[in-house]
Amino acid sequence: MIRPDGQLNHDILPFEKGPQDQCGVFGVWAPGEEVSKLTYFGLYALQHRGQESAGIATANGEKILVYKDMGLVSQVFNEAALESLLGHIAVGHTRYSTTGASHWRNAQPTLGKTAYGTIALAHNGNLTNTAELMELLEKRYPNHESELRGGNTTDTAVLTALLTGNADASLEATALELLPLVKGAYCLAFMDEHTLYAARDPQGVRPLVLGRLERGWVVASESAALDIVGASFVREVEPGELIAIDENGLRSTSFAPKKRAGCVFEYVYLARPDTSISGRVVYEARVEMGRTLAREFPVEADLVMPTPESGTPAAIGYSEFSGIPFGHGLVKNAYVGRTFIQPSQTIRQLGIRLKLNPLREVIAGKRLVVVDDSIVRGNTQRALVKMLKEAGAAEVHVRISSPPITWPCFYGIDFASRAELIASGLGVDEVRQSIGADSLGYLSKEGMIAATNQPESKLCTACFTGQYPIELPATERLGKNLLERGVATIREEGHVHIND
Ligand code: 5GP
Ligand code: MG
């Protein structure tokens with residue numbers, strides 16, 4: 001859905017700036033396969049990670065081709081476009097913007113010219129030292145001819161420019177020298193004409209996995225994308241690892257020691273339920289979160305219902321533990337968010353109804369437990385509670401399968417500023433009042449962590465705790481529009497002063 005400000009939104013409230021996911025990356029090395037089609041279906045499986053733009057680049061040993069545009073994977077590509085993307089290596093990307101606006105020029109894969117050829121790079125995550133890297137770029141390669149010159153304003157373009165600048169070293173050697181200097185969350189899939197590369201930050205904040213095809217290799221943000229292209233799961237790309245794949249096979253190098261801090265919100269909301277992260281199937285984790293929520297916040301009620309779709313596994317767990325029957329009180333139109341048509345004012349006023357319609361016969365007179373995965377600004381639950389009460393619900397008890405979100409994410413999720421996070425200003429009972437629920441319970445941090453089967457020391461819980469595992473720079477050197485400011489300065493003065 002294009003919001004009034006031109007941004008895509010797939011939230012339940014289609015006209016509001018909701019929290020957004022990050023990106024999906026996919027890479028394949030497979031001589032004899034139609035790699036563009038494998039990538040297309042891989043990206044299709046990763047569509048939930050970014051709906052703003054999609055792109056695929058292919059390499060055939062001699063040259064690189066790229067096709068990218070704004071929109072969903074299915075809107076960007078057709079059979080003819082995929083057939084023109086020839087080669088035996090491919091990288092693909094679905095984007096939600098975290099640094100740099102949602103704009104055609106910022107779509108990925110990003111291209112760069114090296115002394116030997118070309119690279120194409122796809123990135124999921126968000127860098128926290130983009131300003132520093134920009135300074136490094138201007139110092140090392142003041143005459144770089146990267147996409148930044150053409151108005152690309154992403155941290156990804158800065159990384160691509162740094163990877164291509166060194167005429168005296170191979171791409172692999174440059175990457176091994178550069179990656180230890182890059183801070184923040186990044187999963188990269190990139191290639192030159194001959195080799196596919198994958199790299200993951202030393203914390204492994206975002207997921208990235210390696211898979212095997214009969215005649216090749218695949219890397220993908222989520223294991224579900226391996227399933228969809230018929231690749232078998234081999235292992236995760238390790239935190240701090242660079243993998244290179246070419247006709248000589250697979251080489252692995254560790255470029256930094258592991259300090260694992262996997263994003264806990266991948267388990268709560270971001271990843272597909274059929275994905276497995278660090279050995280834990282996301283669906284199982286979510287059902288367990290729901291069971292624990294029922295133990296921590298029981299209530300007498302007639303029906304447990306999910307906020308579709310993201311609340312469904314936790315609602316199943318809540319129902320199972322509490323013994324209260326599970327049912328659907330809302331019907332979701334799965335295709336909202338897939339249209340570029342601006343609704344009329346009359347329809348816009350109906351807001352949430354475009355996406356969810358209550359089943360009055362199920363709801364009327366009932367005491368409901370409504371389960372959702374998270375509250376960010378509170379707008380979804382406020383609209384839902386109102387709609388359910390209008391449809392005749394006797395009581396609405398909201399249960400959230402994660403703790404209150406009180407801190408922004410700098411590692412790839414664009415939630416909101418701290419001021420916009422409802423729980424950063426209000427206590428639980430004030431949030432309850434604000435959304436109009438009869439009661440409200442949030443899963444404890446301990447309950448959430450236990451459900452992931454990971455030790456707390458190996459997770460990033462910053463959005464719930466404010467404990468950021470990767471050091472953050474001063475506020476003026478952070479933020480989505482950092483490089484828009486920077487690029488404006490480049491244009492005016494011919495050089496960069498990002499921090500002024
Ligand atoms: P709120 O309306 O409170 O601002 O947002 C909460 C809703 O947004 C929940 O239904 C949750 O499933 C959804 N949500 C949480 N995180 C994300 C995200 O990163 N992207 C999108 N699109 N929705 C999210
Ligand atoms: Mg939701």
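Both ligands and their constituent atoms are indexed starting at 1 by order of listing. Here the structure is a predicted model, which is why all the values come from computation and not from measurement.
One option in Asp373, Val268, Ile435, Leu421 has a heavy atom closer to atom 11 (C) of ligand 1 than any other, and that option is Asp373.
Ring planes of Phe410 and Tyr468: tilted class, angle from 30 to 60°.
Heavy-atom proximity to Phe265, at under 4.0 Å, picks out these atoms of ligand 1: 16 (N). Residue Asn379 approaches ligand 1 through these ligand atoms, each under 4.0 Å from one of its heavy atoms: 1 (P), 2 (O), 3 (O).
Counting heavy atoms closer than 4.0 Å to ligand 1, residue Ser310 contributes side-chain atoms (C-beta onward) but none from N, CA, C or O. In Ile413, the part holding a heavy atom less than 4.0 Å from any atom of ligand 1 is the side chain. Contacts of Val376 with ligand 1, taken as heavy-atom pairs under 4.0 Å, involve both backbone and side chain.
A salt bridge does not link Glu309 with Arg272: none of the charged nitrogens is closer than 4.0 Å to a carboxylate oxygen. Between Arg260 and Asp201 there is no salt bridge, since none of the side-chain N atoms of the basic residue sits less than 4.0 Å from a carboxylate O of the acidic one. Ion pairing between a basic and an acidic side chain is recognised when a charged N comes within 4.0 Å of a carboxylate O; Glu236 and Arg200 show such pairing.
At under 3.5 Å, not a single nitrogen or oxygen of Gln381, backbone or side chain, sits near a nitrogen or oxygen of ligand 1. Considering backbone and side-chain N/O of Gly378, one or more are found under 3.5 Å from N/O of ligand 1. Polar contact with ligand 1: absent for Ile375 (N/O pair, distance under 3.5 Å).
Thr380 and Asp372 form no side-chain donor-acceptor contact under 3.5 Å, judged by distance and modelled atom types alone. Side-chain N/O atoms of Glu296 and Tyr442 include no donor and acceptor closer than 3.5 Å. Thr110 and Glu147 share no donor-acceptor pair across their side chains, judged by distance under 3.5 Å alone.
Ligand 1 has no atom lying under 4.0 Å from any heavy atom of Thr307. Residue contacts with ligand 1 include Leu270, since one of its heavy atoms falls under 4.0 Å from the ligand.
Of all the heavy atoms in Asn126 and His123, the pair that sits closest is N-NE2, 3.8 Å.
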